[in-house]
There are 2 protein chains.
Amino acid sequence: MTFEPLSRESVSDQVFGRLRDAVVAGRYAAGDPLPSERELAAAFGVNRHAIREALRRLQQLGLVRVSQGGATRVQDWRATAGLDLAMTLAAAEDVLPVATLNRDVLEMRACIGADAARLCAERAEPSARDLIARAVEEYAAAVPDLARMAEADLALWRRIVEGSGNIAYLLAFNSLTAGALAVGHMPPQRRTAELLDVAAHRRLSELIGAGDAAGAEGAARALLSAAVAAETESPRP
Amino acid sequence: MTFEPLSRESVSDQVFGRLRDAVVAGRYAAGDPLPSERELAAAFGVNRHAIREALRRLQQLGLVRVSQGGATRVQDWRATAGLDLAMTLAAAEDVLPVATLNRDVLEMRACIGADAARLCAERAEPSARDLIARAVEEYAAAVPDLARMAEADLALWRRIVEGSGNIAYLLAFNSLTAGALAVGHMPPQRRTAELLDVAAHRRLSELIGAGDAAGAEGAARALLSAAVAAETESPRP
DNA sequence: CCAAAGCGACTGGTCCAACCAGTTGACGGG
DNA sequence: CCCGTCAACTGGTTGGACCAGTCGCTTTGG
């Protein structure tokens, strides 16, 4: 018998979540001042320090701008927030349309995955190519178990992105896979076809191993863009 | 006579910066415990709350994992940090090789920019296409002034990414352009050729306006990948 | 009368001191 | 030898005080 971990979210985490959702959902217009820290503390019934911790995190996400003496103002997150915002967003339909965000994430995954495969074929160290070959075998060995295959598939792609030697791609990969909305937690049926195509994964690994940049890019794109098309056609399974 | 603003960086900002650099530079191994908040407060000579604010931000970046009762442990940022990390990194050679990061950012820019142009040509609203056409004109009107051209170019690309309707691309664009190392602050000579090619920008806008997805993607890629090649050949100007 | 200096009444920034709430490990009884 | 207990950590939260900027109103000087 297993229990879900109770809501042990710290106070400042809860405040952070509430304010983040309020801002992303547009309940404050860009440029509007947030209530003062003291007011927020009273409103949430918590200490001011908890509010401050939440506000610093919102500031780092690019959702608000705090300035000493002046008010803390809401920013236009579409202009100032970074990709990590997607990582922290809960899958709440009332904050952002989930279906669109899923499609967007899959599109970005295809775009970056294909280019990472290309770069990986171009300039990965032999040891990195070995790791990829091995990851493919682990993935193939998991074959009947969809959950394990998904996990191994993610590990394989991480190896490929690492092999590309592009830190920006690696960080973006982390952002995309870490969120609740991310590729890893996506309804698996969307990616079943992709996940089951062991032959295509093997081919991709071989092309990378052989240094065929164009071939690897094409193989990766073919593998990754099927899910985009599926999500676009019928966003809600 | 103008003065640069003095170091008004708040205490917790400074603590955040120091710890972030220490972690990214690898002065703590992944899994290592950070000193306790009380120790850090004593070491930096500041209050514990300042340390806490910094640690919460580090946690959000994915650099550390804090857990009540246990120690705050350093994480492997290459596995857990999101793209926003690149946004906050100062251009300090001793933290990460700047040349490589520049190349990486330019590569990602080319990859996402090309796909955004494709999607924009495919599914942007007519009003969005108008905005792009207008942005191109503003860019062309700035012609002799390189600084203004760079600014207008950035605004144009923002319109294109917005027109793609992909939120992930938009947030990634923000991450890439917001950092100190970002495209906007890059040594301009790297992108002079790209910036001066008014005709190519016009063609790109027309292809998007005409809904030619493949053409727009090709034009964007051609425009954006020149800087990548330049950066790769001679990283230090 | 109007502008500019000045003065409060805000805002966020920092600190102190205490206590609550988990985790960890060592110590002692079974 | 194993296992419960407990003390000494860890981070989490609170209250209150004060510093440091900003903003707007009021008073003052032209």
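Proteins get letters first, then strands, A, B, ... in listed order; numbering begins at 1 in each.
- Using modelled atom types, one side-chain atom of A:Q14 and one backbone atom of A:E9 make a donor-acceptor pair closer than 3.5 Å.
- Protein atom CD of A:E37 is 17 Å distant from nucleotide atom P of D:dG16, rounded to whole Å.
- In this structure, A:D13 places its CG atom 15 Å from C1' of C:dA21, rounding to the nearest Å.
- Per the geometry, CZ belonging to A:F44 stands 18 Å off C1' belonging to D:dG12, to the nearest Å.
- For the residue pair A:A54 and A:S12, the shortest heavy atom distance occurs at CB-O, 3.7 Å.
- Nucleic acid contact for B:E39: sugar-phosphate only, since backbone atoms but no base atoms lie under 4.0 Å from a heavy atom of the residue.
- The shortest distance between the side-chain N/O atoms of B:R52 and the OP1/OP2 oxygens of D:dG12 is below 4.0 Å.
- Remark: B:S36 is not in phosphate contact with D:dC9, judged by side-chain N or O atoms under 4.0 Å from OP1 or OP2.
- When each of B:R57, B:R20, B:R18 is tested with B:D13 by the rule salt bridge (Lys or Arg N to Asp or Glu O under 4.0 Å), just one qualifies, namely B:R57.
- Taking atom CD of B:Q68 as the reference point, atom C1' of D:dT14 lies 14 Å away to the nearest angstrom.
- Toward the 5' end of DNA chain D, the nearer of the two residues B:T72 and A:H49, judged by each one's closest nucleotide, is B:T72.
- How far NE2 of A:H49 is from CZ of B:R48: 10.5 Å, rounded to the nearest 0.5 Å.
- The distance between atom CD of B:Q59 and atom P of D:dT10, rounded to the nearest whole Å, is 18 Å.
- Proximity of a side-chain donor or acceptor of B:D84 to a complementary backbone N or O of A:L83 within less than 3.5 Å is detected.
- Along DNA chain D, the nucleotide nearest A:R38 and the nucleotide nearest A:V11 are compared for position; the residue whose nucleotide lies closer to the 5' end is A:V11.
- Distances were taken from every side-chain heavy atom of A:N47 (C-beta onward) to each of D:dG12, D:dT14, C:dT14; the shortest belongs to D:dT14.
- The listed nucleotides are C:dC15, C:dG13, D:dT13; the one nearest the side chain of A:S10 is D:dT13.
- Rounded to whole Å, atom P of C:dT11 lies 12 Å from atom CZ of A:R73.
- To the nearest angstrom, C1' of C:dT11 lies 17 Å from CG of A:D32.
- Atom-to-atom, CD1 of A:I51 to P of D:dG15 comes out at 12 Å; the value is rounded to the nearest Å.
- Listed candidates were D:dG11, D:dG15, D:dA17. Nearest to the side chain of A:R48 is D:dA17.
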